[in-house]
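To keep things clear, I will list the structure first and then write my remarks on it.
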Amino acid sequence: MKKVIFGTALWAMSLTGFAQNSQPSAPSGSSTGPKYDPLTLFHPLFNMQPGNDYRTGSGAPGPRYWQNRADYQINVTVDDQQNTLTGEVTITYKNNSPENLPYLWLQLDQNAFSDSSRAAKTTPVTGGRFGNLGFAGGVAVTSVQTEMSKGKFSATPYQITDTRMQIRLPEPVKANGDVVKIKVAYSFRIPAYGSDRMGMLTTRNGVIYEIAQWYPRMAVYDDIEGWNVLPYLGAGEFYLDYGDYEYNVTVPYNHVVTGSGELLNPGEVLTNEQQKRLAQAAKSDKTVMIIGKDDVTSADAHPKKSGTQTWKFRCQNTRDVAFATSKAFMWDAARMNLPNNKMALAQSVYPVESAGNDSWGRSTEYVKGCIEFYSRYVYPYTYPVATNVAGIVGGMEYPGIVFCDHKDKTDGLWGVTDHEFGHNWFPMIVGSNERKYPWMDEGFNTFINILSTENFNNGEYNRKRGTMQDIAPALFSPAEPIMTIPDVQQPRALGILAYYKPGMGLKLLRDVILGPERFDFAFRQYVDRWAFKHPTPYDFFRSMEDGAGEDLGWFWKEWFYETWKLDQAVQGVKYVDGSAPKGSLITIENLDRMAMPVTIEVTEDNGKKGRINLPVEVWQRGATWTFKYPSTSSLKTVVIDPDKVLPDVNGKNNTWRGEAQ
């Protein structure tokens, strides 16, 4: 999802602005302020729940780990006169769990876009990004059938409650591999603006339809909660099983459709010239135009001259699919170079109004740049095509396809493209539960976006950022911790708690606590272990500790579970026997409840400089720590965190100046 409140390249500026509006914390050392307690921070029982055969103590899936599977066959028709979608989905659901399932739960997320939904009823009267007011939408289910044990499909009772549908089976789906098929016929009115997830944009040459949450989907049944049936209110996104998809989209003859996965019938829906251009793009590092500005309104741009046309797609080992369709699309593409000499196609579709070298004319370059980077740094890209769609949606991700604002330009378009495609790793490949833990996709993504932006085109959009000290007040401004479900977080806090605080926490972990080499090894190991699976926060915590060889329980506790702040200071200096050449005894202190490793820079009167690095364990001993520095003359200054890499809320007490006692 598009970064809440902030754009990628402007995160530091925006956070600094946030800090200026936040309430100041209690003064350091204040009698009413929080007190540091090492027994609370370094609690031996935190993060020590025993592993089991499903999820091990090392953070890896266990020998008995399981997850269910859902394969989909979907056939739909888009009516651009009535703005409706009508169709049928057949789901083949495999129960790999150790339990019989007497009923099934499906998600009808399109129901959230109705003015009678819980999402609408929990939207303020002034409106909001995640609610749809004044639109009588939602899914109309016309039939539900199931097939058990390779028999015939038969009508099956069902119950719809807001965004969830329960199917009550005639007999249970048996444990350990039994299969049931579900067939649902349905339709819905396409909302003009579906909570920034989907919608319609009217352009000069036609409407752009961005279609998502468009078919009944299986809810996840897992070893953590059984059926995951939180209602969809908008802020928390999705949690889905993996499977193979084949879907057919019937549209007016003059539409172009792009969707998740591979186009199966280019010979039926593209002209010979378009097929040649597409083949050229698949071999080109430079962007190739498939449908240019003049082609958009040309009668020769479509194989058929009337009626409808069906576009067929396949996407394998994925948790979802989405598509876009319009008669207004320009279309360009280029080759992406992936690890192990593999290739995929980067492409963009956008209206004539969005074309231009400072706008969507560079979109495919952006797609190519970020996906090639993430494929090297995190995990190889797994889909045959990556498509950026210009439309009404400000920024939303789906496997192999993203929706971005048609008005975005230059660094803004880079930022949202980079962010949305970063989601193809978190949560499309690493399938965490976004309904409960948005930081496991938004925060991870915010972190890798920083590295991608530094890398793209030699840092073209890598603007100078504020320091961690600059953004500290904003990071610690929310009243709730990161581990708060998104629908409970206050809207203004969501951008911090889901995106920036976890993203900056991973940056701290990489840059300061572990170092890039140890962090990157452990991070890639986590991704390898949980690719196309369902990790929990504990699985991530344990996997990072296991791969890096470090007990990080203190960090997980203070950063993710608490609302504590960091305030480290230099308390004072004494010389050994009153003589600076014999050494200096420097005392530092921890004034708030959070702790971090320490770097101290010492400058002597004779001009010599030196640094001391202390591990976080010095704070296990208490709120103050004294160490000996081998000074050769009187000290001029002592600075804690001289590079401002820590989110210290009070930089004024970080420097000692003056005469030692």
Side-chain angles (χ1 to χ4, degrees), residues 203 205-206 208 254-303 309 311-313 315 323-338 341-375 381 383-391 400-404 406 408-410 413-414 416-418 420-421 424 456-457 460:
T203 73
N205 295 311
I208 293 175
N254 56 356
H255 273 226
V256 170
V257 182
T258 184
S260 301
E262 175 187 7
L263 176 63
L264 298 178
N265 62 333
E268 297 177 5
V269 297
L270 302 179
T271 66
N272 290 336
E273 181 61 28
Q274 289 163 358
Q275 293 178 65
K276 290 178 183 178
R277 294 173 182 175
L278 201 56
Q280 179 187 353
K283 299 177 181 179
S284 173
D285 285 321
K286 299 294 184 181
T287 301
V288 175
M289 189 63 66
I290 312 302
I291 297 178
K293 181 178 180 180
D294 295 335
D295 299 324
V296 172
T297 55
S298 171
D300 295 330
H302 307 281
Q309 181 69 276
W311 296 62
K312 301 177 181 180
F313 296 88
C315 195
F323 71 91
T325 179
S326 180
K327 61 182 180 181
F329 279 148
M330 295 177 62
W331 178 7
D332 64 41
R335 177 184 67 189
M336 295 188 294
N337 303 298
L338 306 180
N341 296 317
K342 293 185 178 180
M343 292 178 289
L345 190 71
Q347 61 183 21
S348 302
V349 291
Y350 46 91
V352 170
E353 298 94 312
S354 298
N357 288 333
D358 66 340
S359 183
W360 280 79
R362 293 190 67 187
S363 168
T364 293
E365 177 193 353
Y366 298 158
V367 175
K368 175 180 167 67
C370 66
I371 289 183
E372 288 180 348
F373 173 79
Y374 295 135
S375 294
Y381 185 71
Y383 307 109
V385 179
T387 306
N388 199 4
V389 181
I401 187 170
V402 303
F403 301 158
C404 296
H406 68 289
D408 282 334
K409 296 181 179 182
T410 57
L413 182 56
W414 157 259
V416 70
T417 300
D418 180 44
E420 302 312 333
F421 272 115
N424 268 274
F456 177 72
N457 205 17
E460 178 180 358

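Atom CE of Met336 sits about 7.5 Å away from atom CD of Glu372, to the nearest 0.5 Å. Distance NE2/His255 to CD1/Ile208: 10.5 Å, rounded to 0.5 Å. To the nearest 0.5 angstrom, Asp408 atom CG is 10.0 Å from Tyr366 atom OH. Considering OG1 of Thr271 and NZ of Lys276, their distance stands at 9.5 Å, rounded to 0.5 Å.
Not counting sequence neighbours, the partners of Pro266 by the side-chain contact (heavy atoms from CB on, under 4.5 Å) test are Leu263, Leu270. By the ring pair (Phe, Tyr, Trp, His ring centres under 6.0 Å) test, Phe421 is found to be paired with no residue, residues two or more places apart in sequence or in another chain being considered. Considering only residues two or more places apart in sequence or on other chains, Trp331 meets the side-chain hydrogen bond (donor to acceptor under 3.5 Å, both in side chains) condition with Gln347. Scanning for side-chain hydrogen bond (donor to acceptor under 3.5 Å, both in side chains) contacts around Asn388 gives Ser363, Thr417, with sequence neighbours left out. For Tyr381, there are no side-chain hydrogen bond (donor to acceptor under 3.5 Å, both in side chains) partners two or more places apart in sequence or in a different chain. Qualifying salt bridge (Lys or Arg N to Asp or Glu O under 4.0 Å) partners for Glu353, counting only residues two or more places apart in sequence or in other chains: none. By the salt bridge (Lys or Arg N to Asp or Glu O under 4.0 Å) test, Arg362 pairs with Glu365, Glu460, sequence neighbours left out. Scored by the ring pair (Phe, Tyr, Trp, His ring centres under 6.0 Å) test, Phe329 finds no partners at all (sequence neighbours excluded). With sequence neighbours excluded, no residue forms a side-chain contact (heavy atoms from CB on, under 4.5 Å) with Asn357. Every residue two or more places apart in sequence or in another chain that forms a side-chain hydrogen bond (donor to acceptor under 3.5 Å, both in side chains) with Glu268 is listed here: Asn265.
No donor-acceptor distance shorter than 3.5 angstrom exists from the side chain of Ser284 to the backbone of Gln280, with no hydrogens or angles considered. A donor-acceptor contact shorter than 3.5 Å links the side chain of Ser359 to the backbone of Ser354. Without hydrogens or angle criteria, Gln274 side chain to Ala301 main chain gives a donor-acceptor distance under 3.5 Å. A donor-acceptor pair under 3.5 Å is formed between the side chain of Ser348 and the backbone N or O of Thr364. Of the possible donor and acceptor atoms, none in the side chain of His406 sits under 3.5 Å from a partner among the backbone N and O of Ala390.
Within the structure, salt bridge (charged side-chain N to carboxylate O under 4.0 Å, His left out) pairs that include any residue of residues 325-335 comprise Asp285-Arg335 (at least two apart or interchain).
For the pair Ile401 and Thr258, the minimum side-chain heavy-atom distance is below 4.5 Å. At a threshold of 4.5 Å between non-hydrogen side-chain atoms, the residues Pro351 and Trp360 do not count as touching. The closest side-chain heavy-atom distance from Phe323 to Thr325 is below 4.5 Å.
The heavy-atom pair separating Leu338 from Ala344 by the smallest distance is CD1-CB, 3.9 Å. For the pair Phe313 and Gly259, the tightest heavy-atom approach, listed with the atom from each and the gap, is CE2-N, 3.6 Å.
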Tabulate below the donor-acceptor pairs under 3.5 Å that side-chain atoms of residues 286-298 make, not counting sequence neighbours, or state none.
residue, atom, partner, partner atom, Å
Asp295, OD2, Arg277, NH1, 3.2
Asp295, OD2, Gly292, N, 2.8
Ser298, OG, Asp300, N, 3.1

task: Go through Glu262 and Cys315 one step at a time and tell me if the side-chain contact (heavy atoms from CB on, under 4.5 Å) criterion holds.
output: CA-CA 6 Å; Glu262 175 187 7; Cys315 195; over 6 Å; no
message: With side chain to side chain donor-acceptor pair (under 3.5 Å) as the criterion, how do Tyr374 and Asp418 come out once you've worked through the C-alpha distance, each side chain's angles and the decisive distance to 0.1 Å?
response: CA-CA 10 Å; Tyr374 295 135; Asp418 180 44; 2.6 Å; yes
task: Walk me through it: do Asn424 and Tyr383 pass the test side-chain contact (heavy atoms from CB on, under 4.5 Å)?
output: CA-CA 9 Å; Asn424 268 274; Tyr383 307 109; 3.1 Å; yes
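Using the six-membered ring where Trp is involved, Phe456 and Trp414 have ring planes that are parallel, under 30° apart on the 30 and 60° scheme.
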